[in-house]
2 protein chains.
Amino acid sequence: MTEPIARHLEARGIRYTRARRAVVEALEAVDGPKSVSELGDRLAVPQSSLYRSLAVLGDAGVVVAHHGPDGTTRFELAEWIRGHHHHLVCAGCGAVRDLALTAEEEERLQELVTEAAGRVDVEVEDHALEIVHRCEECR
Amino acid sequence: MTEPIARHLEARGIRYTRARRAVVEALEAVDGPKSVSELGDRLAVPQSSLYRSLAVLGDAGVVVAHHGPDGTTRFELAEWIRGHHHHLVCAGCGAVRDLALTAEEEERLQELVTEAAGRVDVEVEDHALEIVHRCEECR
DNA sequence: ATGAGAATGAGAATCATTCCTAGATTAGCA
DNA sequence: TGCTAATCTAGGAATGATTCTCATTCTCAT
């Protein structure tokens, strides 16, 4: 999985250094977007470096930022790496888990989005569905 | 429209002061969630007061915060005032516009959400759909 | 091995947001 | 209407997340 990322970065003249590799590997290992402090725990890397690595990887299109209802910024691998998916967000603690729709569900969602966007005459570039629930700890 | 809000606050023992009224009226006048600085322009009120009013109105369930893909916090009137709706977000500047689905579309979305959530065994508390596009200024 | 360019670490700077306090406003009541 | 107690506001200080800066270190092509 690290292979296409390495090529992607190389193609853009961006080095795939140890620090960046560590960030990508940490993000590969988890099941949803993680905040800088959550990542910091796993990585023992200075925050400034973490932020910088995330910014570089973000510009390169390898990671994307996600902002849940609690306002915290969390990062995850881009969809071309991890696949298109949606998010399950806890209303209490803000923790986020990935949720993939089935191909059939995704198609229905697409239709819905296209239909609604067409009504106001905009071209859809992307869509994101967030399902809010309450995780077990927050009940 | 201001009437039910006044009663809602009164019922909770929260005063509907001039400052809070101004915030609510500003939010009634616009077509999507607005950030504190966007509101500050319209209101000539110190930021600390704006934040405080928004916090009070937020606790009271009159306004809710929204966090778009650019990470900026934007505020809007709660759904019981403005009605359930979704958001159209510009990938360039982050500006957000409200977008209401038709009742029929909303129902299809509900179904989809319930179905997907059921698969991972969570109880849905709410859902949010975001359609990303590119506004005219950002083309 | 060497040099040029890029990346890193550590801390300072910035920005949004929250907190604090003294003074102003408000509602309820005489 | 005028008084009182409670609540609210303005303004600035404090906080916390994020970004910037710069001196040092690393990488890669020679």
Side-chain angles (χ1 to χ4, degrees), chain A residues 5-27 33-60 62-76 93-96, chain B residues 2 5-26 33-60 62-76 93-96:
Chain A
I5 298 175
R7 262 185 278 117
H8 180 90
L9 291 175
E10 191 179 358
R12 283 164 183 66
I14 297 166
R15 294 188 189 153
Y16 198 21
T17 63
R18 200 177 306 145
R20 292 168 191 176
R21 218 172 269 274
V23 170
V24 168
E25 278 162 14
L27 288 175
K34 293 289 172 251
S35 67
V36 166
S37 60
E38 286 163 346
L39 285 174
D41 292 347
R42 297 175 167 259
L43 286 181
V45 158
Q47 285 206 326
S48 63
S49 299
L50 199 42
Y51 274 109
R52 203 148 15 86
S53 296
L54 286 166
V56 169
L57 293 170
D59 288 348
V62 170
V63 312
V64 300
H66 172 261
H67 305 274
D70 69 342
T72 307
T73 305
R74 292 162 199 269
F75 298 86
E76 64 185 336
C93 61
V96 184
Chain B
T2 214
I5 297 176
R7 264 186 276 116
H8 180 90
L9 291 175
E10 191 179 357
R12 284 164 182 66
I14 297 166
R15 292 187 190 155
Y16 199 20
T17 64
R18 201 176 305 147
R20 292 168 191 175
R21 219 172 268 273
V23 169
V24 168
E25 278 161 16
K34 292 289 172 253
S35 67
V36 166
S37 61
E38 284 163 345
L39 285 174
D41 292 346
R42 300 177 164 258
L43 286 181
V45 158
Q47 286 205 325
S48 64
S49 299
L50 240 187
Y51 275 108
R52 202 164 6 81
S53 297
L54 286 167
V56 170
L57 293 170
D59 289 347
V62 171
V63 312
V64 300
H66 172 262
H67 304 275
D70 69 342
T72 307
T73 305
R74 291 163 199 268
F75 299 86
E76 65 184 335
C93 61
V96 184

(request) Please determine which of A:V56, A:V24, A:L27, A:V23 meets the side-chain contact (heavy atoms from CB on, under 4.5 Å) test together with A:V62. (result) A:V24
(request) Report the nucleotide, chosen from C:dC19, D:dT9, D:dT18, that has the shortest atom-to-atom distance to any side-chain atom of A:Q47. (result) D:dT18
(message) Can you tell me how far apart CG (A:L57) and CZ (A:R21) are? Round to the nearest 0.5 Å.
(response) 11.0 Å
(message) My understanding is that a pair needs two contacts under 3.5 Å, Watson-Crick or G-U wobble. By that rule, which nucleotide pairs with D:dA29?
(response) C:dT2
(message) What's B:T72 touching, base or sugar-phosphate or nothing? Going by heavy atoms closer than 4.0 Å.
(response) nothing
(message) Using a 4.0 Å heavy-atom cut-off, does B:S37 contact any base of the nucleic acid, only the sugar-phosphate backbone, or nothing at all?
(response) nothing
(request) To the nearest 0.5 angstrom, please state how far the CZ atom of A:R20 sits from the CG atom of A:L54. (result) 11.0 Å
(request) Check each residue of residues 9-23 of chain B for a non-hydrogen atom within less than 4.0 Å of any atom in DNA chain D, then write out the ones that pass by number, or none. (result) B:R15, B:T17, B:A19, B:R20
(request) Choose from C:dG9, C:dT17, D:dA10 the nucleotide whose nearest atom is closest to any side-chain atom of A:R52. (result) C:dG9
(request) Measure from the side-chain heavy atoms of B:Y51 and tell me the nearest of D:dT18, C:dT8, C:dT17. (result) C:dT17
(request) Output the distance between atom NE2 (B:H66) and atom OG (B:S35), rounded to the nearest 0.5 Å. (result) 12.5 Å
Under 3.5 Å donor-acceptor pairs involving side-chain atoms of residues 40-47 of chain A, not counting sequence neighbours:
none

(request) Can you measure from NE2 (A:H67) to OG1 (B:T73) and round to the nearest 0.5 angstrom? (result) 9.5 Å
(message) Counting only side-chain heavy atoms from C-beta out, which of D:dA17, D:dT9, C:dG9 sits nearest to A:V45?
(response) C:dG9
